[in-house]
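No hydrogens, no waters, no symmetry mates; every other heavy atom, side chains included, goes into these values. We name chains A, B, ... by the order of the sequence lines, and we start the count at 1 in each one.
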Number of protein chains: 2
Amino acid sequence: MTISEENYLKVIYHLSLVSPKGVNTNAIAGMLDTKASSVTDMLKKLSEKDLVAYQKYQGVTLTENGFRSAKMIVRKHRLWEVFLVEKLGFAWDEVHDIAEELEHIKSETLINKLDEYLDFPAFDPHGDPIPDVNGVMKKVNKLLLSEVEINKEYQCVGVKDSSSEFLKYLDKQKIALGSTFVVKEKESFDDTLLVEVNSKQITISNKIANNLYVQ
Amino acid sequence: MTISEENYLKVIYHLSLVSPKGVNTNAIAGMLDTKASSVTDMLKKLSEKDLVAYQKYQGVTLTENGFRSAKMIVRKHRLWEVFLVEKLGFAWDEVHDIAEELEHIKSETLINKLDEYLDFPAFDPHGDPIPDVNGVMKKVNKLLLSEVEINKEYQCVGVKDSSSEFLKYLDKQKIALGSTFVVKEKESFDDTLLVEVNSKQITISNKIANNLYVQ
DNA sequence: ATAAATTTTTAGTTTTGTCTAAATTTTTAT
DNA sequence: ATAAAAATTTAGACAAAACTAAAAATTTAT
Ligand SMILES: [Mn+2]
Ligand SMILES: [Mn+2]
Ligand SMILES: [Mn+2]
Ligand SMILES: [Mn+2]
């Protein structure tokens, strides 16, 4: 598989978690920063290789083959992110782009040895689950901070948006995976939250609360 | 720089250590397993980018730019090899092909953090020197085992051929970097050596002796 | 010095992945 | 139900990096 094919496969995987019925050409183009016509070309090729099920105008889904391959790319991406943070001391907002390159390194042995070296982590630095050697991931019952009960205690277990801007905002607010949240008040007008984090009270907009996973 | 350009640059670097006057098109084609005509095309492109000095029919040399870039690729290759052997537990004959891919990962920060994580190694698992962040390498006065004095003690410090076959042969003979050699006899007919390694005597062909560096 | 052999370059194709512009199909709105 | 809008596909083109075959330059041998 080429790097380009792998990138398409991974994007289709991520999008099909949200739209399992079938992923749109335009959605793929948007994620890959390319044109719809290029996507159509690639879908035909992936279809030839039995990695996706593609019907003109009807969107695309992953085949069993494609699903397995996509999960292995995600596995590599997330294991490399753990390596970069845990071993090399990168911040969690710095690792995504490097992992985008590292995820295309071919060796199976490499990734399995890396997995072992990292002690078989179940989650990446952003709280996303890492498929094991058989593609199995830990399932977590997580909620968005925006959906949470008042005056109950929650732990931060992940971020939905893992853009550098958002992660840096969290750093500034001293919010990290494991931080404890108690929502004290919810402003009904704009859904702004008054939240106790690390025994300090801060105000959190609805947009922020919609991108923080808690448990 | 594309992966292909980087591969050409690295090959030109290695070849120019042997023929500093200028590297032949055919030699490059041989190393990259490609055709001479493809090499010519690429030389024109690298020349455009001021990475090589190229004159039709006259061979090619690296410019200052090209030399610096090539050394940084070699740096990445060798640091990744150290990582694979030291941290992930790969054998020294298993790492070259994986490092061929890893050497093309773009981030400067990554390689400098890796360097630090590995404690700034000066040599890779095959005894080859690793350029530091400024491109400077430790210079070693090494000899081939075939050129050595009789009954004097030497340490193995590197291999010239680092093919898997040769390295596996060395494993079988329990020869590794650091092994102590004393040449007891040299057969004048075919230059076969009788060598004491690890207090055992073994016979070593001229071809083998020509691929072992000692000090 | 000339001819033969070798090396290198040029010219013309191919494949991969992209693009633009136009055509077609599907979806949405009236 | 029809028209307008949006999404998708097709057709044709391009750049990168490779190839084959032929031409040109250089080197080697007689
Ligand atoms: Mn990521
Ligand atoms: Mn991640
Ligand atoms: Mn190597
Ligand atoms: Mn090496």
Side-chain angles (χ1 to χ4, degrees), chain A residues 1-16 18-62 66 69-70 73 100-101 103-104 106, chain B residues 1-16 18-62 66 69-70 73 100-101 103-104 106:
Chain A
M1 233 189 306
T2 66
I3 290 179
S4 191
E5 287 171 345
E6 290 191 343
N7 283 333
Y8 274 92
L9 220 52
K10 194 181 53 160
V11 160
I12 295 167
Y13 169 82
H14 286 308
L15 289 171
S16 58
V18 183
S19 25
K21 303 278 171 194
V23 176
N24 295 333
T25 303
N26 266 346
I28 300 169
M31 293 270 281
L32 283 169
D33 210 22
T34 185
K35 295 292 146 81
S37 55
S38 308
V39 174
T40 302
D41 287 346
M42 183 58 88
L43 293 183
K44 286 177 188 165
K45 202 200 309 185
L46 293 174
S47 183
E48 279 304 306
K49 297 192 172 184
D50 190 39
L51 293 164
V52 302
Y54 169 61
Q55 299 223 85
K56 267 194 187 186
Y57 295 102
Q58 303 308 305
V60 72
T61 55
L62 293 172
S69 300
I73 301 162
E100 286 290 311
E101 293 189 56
E103 75 192 1
H104 301 294
K106 293 282 175 299
Chain B
M1 232 189 309
T2 66
I3 290 179
S4 192
E5 287 171 346
E6 289 192 343
N7 283 333
Y8 273 92
L9 221 50
K10 194 181 53 159
V11 160
I12 296 166
Y13 169 83
H14 286 308
L15 289 171
S16 58
V18 183
S19 24
K21 303 278 170 192
V23 176
N24 295 331
T25 303
N26 267 346
I28 298 168
M31 294 269 283
L32 284 169
D33 210 22
T34 186
K35 295 291 145 79
S37 55
S38 308
V39 174
T40 302
D41 287 346
M42 183 58 89
L43 292 183
K44 286 177 188 164
K45 201 199 311 185
L46 293 175
S47 182
E48 279 303 306
K49 297 192 172 185
D50 190 36
L51 293 164
V52 302
Y54 169 60
Q55 301 223 83
K56 266 194 187 187
Y57 294 101
Q58 304 308 304
V60 72
T61 54
L62 293 171
S69 300
I73 301 163
E100 286 290 310
E101 293 188 56
E103 75 192 2
H104 301 294
K106 293 283 175 300

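Residues B/Val23 and B/Leu62 have side chains not in contact (no heavy-atom distance under 4.5 Å, counting atoms from C-beta outward). Considering only heavy atoms from C-beta on, B/Ile12 comes within 4.5 Å of B/Leu43 through its side chain. Counting only heavy atoms from C-beta outward, the side chains of B/Thr40 and B/Lys56 never approach each other to under 4.5 Å. Using a 4.5 Å cut-off on side-chain heavy atoms (C-beta onward), B/Met42 and B/Thr34 make no contact.
Across the protein-nucleic acid pair, A/Met1 atom CE and C/dT16 atom P stand 15 Å apart, rounded to whole Å. D/dT9 atom P lies 7 Å from atom CG of A/Leu43, rounded to whole Å. Computed from coordinates, the A/Ile3 CD1 to C/dT18 P distance equals 11 Å when rounded to whole Å. Per the geometry, CE belonging to A/Met42 stands 14 Å off C1' belonging to C/dC19, to the nearest Å. The distance between atom CG of B/Leu32 and atom C1' of D/dA18, rounded to the nearest whole Å, is 12 Å. Summarising the geometry, the separation between CD on B/Glu5 and C1' on D/dA15 is reported as 13 Å, rounded to the nearest angstrom. Going from atom CD of A/Glu6 over to atom P of C/dT16 covers 16 Å, rounded to whole Å. If you measure from atom NZ of B/Lys35 to atom P of D/dA22, you get 15 Å, rounded to the nearest angstrom.
Residues satisfying the ring pair (Phe, Tyr, Trp, His ring centres under 6.0 Å) criterion with B/Tyr13, sequence neighbours excluded, are B/Phe67.
In summary, A/Glu100 and B/Lys106 do not engage in a salt bridge, as defined by a charged side-chain N under 4.0 Å from a carboxylate O.
No hydrogens or angles were tested; on distance alone, a donor-acceptor pair under 3.5 Å links the side chain of A/Tyr57 to the base of C/dT24.
Regarding contacts with the backbone of D/dA16, every side-chain N or O of B/Tyr8 stays at 4.0 angstrom or more from both OP1 and OP2. For B/Ser4 and D/dA16, the shortest distance from a side-chain N or O to OP1 or OP2 is not below 4.0 Å. Here A/Asn26 does not reach the OP1 or OP2 of D/dA6: none of its side-chain N or O atoms lies under 4.0 Å away. The side chain of A/Asn24 places no N or O atom within less than 4.0 Å of a non-bridging phosphate oxygen (OP1 or OP2) of D/dA7. In this model, the phosphate group of C/dT26 is approached by a side-chain N or O of A/Gln58 to a distance below 4.0 Å at OP1 or OP2.
Rounding to the nearest 0.5 Å places NE2 of B/His14 at 13.0 Å from CD1 of B/Ile28.
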Are there any protein N/O atoms within less than 3.5 Å of an N/O atom in nucleotides 10-13 of chain C, and if so, which ones and at what distance?
unit_1: C/dT10; atom_1: OP1; unit_2: B/Lys56; atom_2: NZ; d: 2.7
unit_1: C/dT10; atom_1: OP2; unit_2: B/Lys44; atom_2: NZ; d: 2.5

